[in-house]
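Step one of this worksheet: look at the structure below.
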Amino acid sequence: MKWNLRWAAAKRDIWRPADLLKAFEEAGFTPSLSKVAALWSGKPISVRLDDLDKICAALDCTVADLLEAEPLAGADGGRQEQRAAGAGGQPGSPARPVPRAGGSRRSLPPN
């Protein structure tokens, strides 16, 4: 994921974490200045959903403005090969599992 907080803030003419903190406080969101600086300076490991709602309210933006999906490095080639191989891992194998021959379904144990 790409974290676009600075871009969303810049659209509101906010250029410093202290100014962002003021915008947050006007919207009723009161994080510490160190938390705002951490959000400002880099991509956070995690963001609480209610904090994300408050950030969006303060910046008059959407979650899509703050977060942007990025392809994982090297993941595409592996997925292409896996799709070509099917579920069995071998080229030409079926895409879905095939039921066992003469397969009676196992029943679940009673509760």
Side-chain angles (χ1 to χ4, degrees):
M1 284 291 178
K2 185 175 179 184
W3 179 241
N4 294 321
L5 178 67
R6 286 186 178 203
W7 180 81
K11 286 175 54 178
R12 292 221 34 231
D13 202 30
I14 296 172
W15 302 101
R16 298 180 312 165
D19 297 333
L20 183 61
L21 180 60
K22 289 177 189 174
F24 285 167
E25 289 172 348
E26 289 172 6
F29 181 37
T30 56
S32 66
L33 181 57
S34 63
K35 181 173 182 175
V36 173
L39 291 171
W40 183 267
S41 65
K43 182 169 66 172
I45 302 291
S46 64
V47 180
R48 293 176 41 162
L49 292 177
D50 59 330
D51 288 350
L52 206 53
D53 281 338
K54 293 172 186 175
I55 292 169
C56 288
L59 296 177
D60 191 29
C61 66
T62 66
V63 174
D65 294 328
L66 293 174
L67 297 171
E68 182 181 336
E70 291 182 314
L72 297 174
D76 188 36
R79 286 188 185 149
Q80 292 293 341
E81 291 171 12
Q82 191 175 25
R83 270 191 230 119
Q90 300 295 322
S93 65
R96 293 183 173 217
V98 177
R100 295 179 193 173
S104 62
R105 297 186 123 193
R106 290 188 287 173
S107 62
L108 296 174
N111 286 340

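Heads up: numbering here begins at 1 and tracks the sequence.
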Candidate list V47, L52, L5, test side chain to side chain contact (heavy atoms under 4.5 Å, CB included), partner L67, passing option: L52

Minimum heavy-atom separation for C61 to A8, with atom names? SG-CB, 4.3 Å

Run the numbers on L66 and W7 for side chain to side chain contact (heavy atoms under 4.5 Å, CB included), then give the verdict. CA-CA 8 Å; L66 293 174; W7 180 81; over 6 Å; no

Atom of V63, atom of C56 and distance for their closest heavy-atom approach: N-SG, 3.6 Å

With rounding to the nearest 0.5 angstrom, report the CZ to CD1 distance, R6 to I14. 13.0 Å

Would you say W3's side chain and L39's backbone share a donor-acceptor pair under 3.5 angstrom? yes

Which residues pass the side chain to side chain donor-acceptor pair (under 3.5 Å) test with W15, sequence neighbours left out? D13

Identify the two heavy atoms, one from P31 and one from L21, that lie closest to each other, and give their separation to 0.1 Å. O-CD1, 3.3 Å

Determine, step by step, whether T30 and F24 satisfy the side chain to side chain contact (heavy atoms under 4.5 Å, CB included) criterion, reporting the C-alpha distance in whole Å, the side-chain angles of both residues, the deciding distance to 0.1 Å, and the verdict. CA-CA 6 Å; T30 56; F24 285 167; over 6 Å; no

I'd like to know if K35 pairs up with D51 as an ion pair, taking the criterion as any Lys NZ or Arg NE/NH1/NH2 lying under 4.0 Å from an Asp or Glu carboxylate oxygen. yes

Main-chain N/O of E70 paired with K2 side-chain donor or acceptor, under 3.5 Å: no

Measuring from atom CZ of F29 to atom CG of L20, what distance do you get when rounded to the nearest 0.5 angstrom? 9.0 Å

Can any side-chain N or O of R12 pair as donor or acceptor with the backbone N or O of D60 at less than 3.5 Å? no

